[in-house]
K.L.:
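Take a look at this one; I'll ask things after.
What's counted below: heavy atoms across the whole structure, side chains too, no hydrogens, waters or symmetry copies. Every chain is numbered from 1, with letters handed out A, B, ... down the list of sequences.
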Amino acid sequence: MKKDAAQQPKLDLSPPHQEGKRSGSVYGATFILMMGVWVLLSGKFDPFHLALGVLSSALVSYFSADLLFSEPLTGKTIRTAFGFLRYLPWLLYQILLSALHVLYLSFHPRMMELIDPQVLRFRSRLKSDLAQVTFANSITLTPGTITIYVNFHRDFSVHAIDRFSGEDLPGEMERRIARAFGEE
Amino acid sequence: MDDFFLGCSLFLGGLIMLSLYRGIFGPTVLDRMIGVNAIGTKTTVLLIFIGLLYHRLDMFVDIALAYALLNFIAVLAAARYFQKRKGLYERLY
Amino acid sequence: MVIDLIVAFCLVVGLIFFAGGTLGLLRFPDFYSRLHPAGKLDTMGSFLVLLGLAIHQLFPLTLGTVLTGLKLMLIVVFVFLASPTATHAIVDAGFRAGLEPWRKGDPRR
């Protein structure tokens, strides 16, 4: 118990960003994203509608750029984005596999004997907030397991529908996320 | 192909009726919330089917997108409404 | 013709996922276990159905149909982002309300 207390991270009360420190790359990335969504949703390419889009995207990225990216974009951000893209196909495959398992459970005539709900607890070794959020959302997105709670000491509580769904947590999913976010 | 889509949308309508059972008779309020959320997800897909049957898909896609957003916000707001106490967390942590 | 077969396959598998989600919603014993089929199988089902419909409406290939297909995929991305968040919000509400998870041997609720 005492060893655990020594491992716990120090409380950091400083805000994630300071006013006036936002860099141009954050504005640029937000603007490009907003403009892409505008073009996709409007579907019109005449100068009038495009000008309206540029105006509103610029306003939105000026007022709320720090909501989307809380720190300046560097090479690490781009590497993380590519690592995340490489992680996605594996996640989709896992979702398909466990969706088939839950489908089998829900069509099974003697379902009540097969399921065995339980609350699992484990401590994750992922450090950054974004990696923990990705991990928790991946667990919830995989059928059969739902993240109930993650506390400050990175203790995860997971509700699993039966023994099979929860047996390989954290395991491979955590390893792959750690690789995608460069925390090996 | 249109007949096939009509059959699919009727099947989805039947599933919505079944989910409504959980929405009405669910033993707790949260069961009702799950039922309503499931109905909302199915309705988003049903709207796309309706757009295909009326040959106005470009319009119904926007409606479906807005419906998905509203469904998400409604569930979040309703769930936040019940978060007043510590509940089981007191025993866990 | 091949396209029609792919579309029909996507739709039928997606509707099976929807049916499984609804059956699980009705049959599972308590609120926490009902979330598993209701939240996730519906996500998978809407992914497959919307993918099938996006492929179907892509022909004839024009700018309008490509944009509509992209919008359909935007709905899928949104559902994949929103569904775990909504599920987590409901679980958190249940946990705070003090509902005990069902264990093997308890009566159905």
K.L.:
Below 4.5 Å from any heavy atom of chain A, which atoms of I16(C) appear? Answer side chain, backbone, both or neither.
P.N.:
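Backbone plus side chain of I16(C), per the 4.5 Å heavy-atom cut-off to chain A.
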
K.L.:
Side chain from CB out, backbone as N, CA, C, O: work out which of these in T145(A) comes under 4.5 Å of a heavy atom of chain C, or both, or neither.
P.N.:
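Interface part for T145(A): backbone (N, CA, C, O).
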
K.L.:
When you compare the side chain of L141(A) with that of F80(C), does any pair of heavy atoms fall below 4.5 Å?
P.N.:
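They are in contact (side-chain heavy atoms under 4.5 Å apart), so the answer is yes.
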
K.L.:
Considering residues, nucleotides and ligands other than D129(A), do more than 12 of their heavy atoms fall under 6.0 Å from its CG?
P.N.:
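Open.
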
K.L.:
Determine all donor-acceptor pairs shorter than 3.5 Å in which one atom belongs to a side chain in residues 50-57 of chain A; sequence neighbours excluded.
P.N.:
| unit_1 | atom_1 | unit_2 | atom_2 | d |
| --- | --- | --- | --- | --- |
| S56(A) | OG | L52(A) | O | 2.9 |
| S56(A) | OG | G53(A) | O | 3.3 |
| S57(A) | OG | G53(A) | O | 2.7 |

K.L.:
Which atom pairs, one a donor and one an acceptor, fall under 3.5 Å between side chains of residues 101-110 of chain A and the rest of the protein, sequence neighbours left out?
P.N.:
| unit_1 | atom_1 | unit_2 | atom_2 | d |
| --- | --- | --- | --- | --- |
| H101(A) | NE2 | D162(A) | OD2 | 3.0 |
| S106(A) | OG | G20(C) | O | 3.0 |
| H108(A) | ND1 | R110(A) | N | 3.0 |

K.L.:
Go through V39(A), D116(A), L40(A) and name the one with the most non-hydrogen pairs under 4.5 angstrom from chain C.
P.N.:
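Between V39(A), D116(A), L40(A), the count favours L40(A).
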
K.L.:
Rounded to the nearest 0.5 Å, what's the gap from CD1 on I146(A) to NE2 on H88(C)? Could you check?
P.N.:
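If I round to the nearest 0.5 Å, the distance is 10.5 Å.
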
K.L.:
Under 3.5 Å, which donor-acceptor pairs link side chains of residues 80-87 of chain A to any protein atom two or more places apart or in another chain?
P.N.:
| unit_1 | atom_1 | unit_2 | atom_2 | d |
| --- | --- | --- | --- | --- |
| T80(A) | OG1 | K76(A) | O | 2.8 |
| Y87(A) | OH | S138(A) | OG | 3.1 |

K.L.:
Quick one: what part of L41(A) sits under 4.5 Å from any heavy atom of chain C, side chain, backbone, both or neither?
P.N.:
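Both backbone and side chain of L41(A) come within 4.5 Å of chain C.
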
K.L.:
Would the number of heavy atoms belonging to other residues, nucleotides or ligands and lying under 6.0 Å from OH of Y93(A) be above 12?
P.N.:
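No, because the 6.0 Å sphere around OH of Y93(A) holds 12 heavy atoms or fewer from other groups.
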
K.L.:
Between I161(A) and Y32(C), is any pair of side-chain heavy atoms under 4.5 Å apart?
P.N.:
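A side-chain contact is absent here, since even the closest heavy-atom pair is not under 4.5 Å.
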
K.L.:
Quick one: pull up OG1 in T87(C) and CD1 in I148(A) and give me the separation to the nearest 0.5 Å.
P.N.:
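The CD1 atom of I148(A) is 12.5 Å from OG1 of T87(C), to the nearest 0.5 Å.
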
K.L.:
Sub-4.5 Å heavy-atom contacts with chain A: which residues of residues 39-59 of chain C show up?
P.N.:
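So far as heavy atoms go, K40(C), L41(C), M44(C) are the residues that approach chain A to under 4.5 Å.
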
K.L.:
Only one of T142(A), T140(A), T147(A) forms a side chain to side chain contact (heavy atoms under 4.5 Å, CB included) with P84(C), so which one is it?
P.N.:
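With P84(C) as partner, T142(A), T140(A), T147(A) yield a single side chain to side chain contact (heavy atoms under 4.5 Å, CB included), made by T140(A).
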
K.L.:
In terms of heavy-atom proximity below 4.5 Å to chain A, should L63(C) be classed as side chain, backbone, both, or neither?
P.N.:
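For L63(C), the side chain is the part near chain A, not the backbone.
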
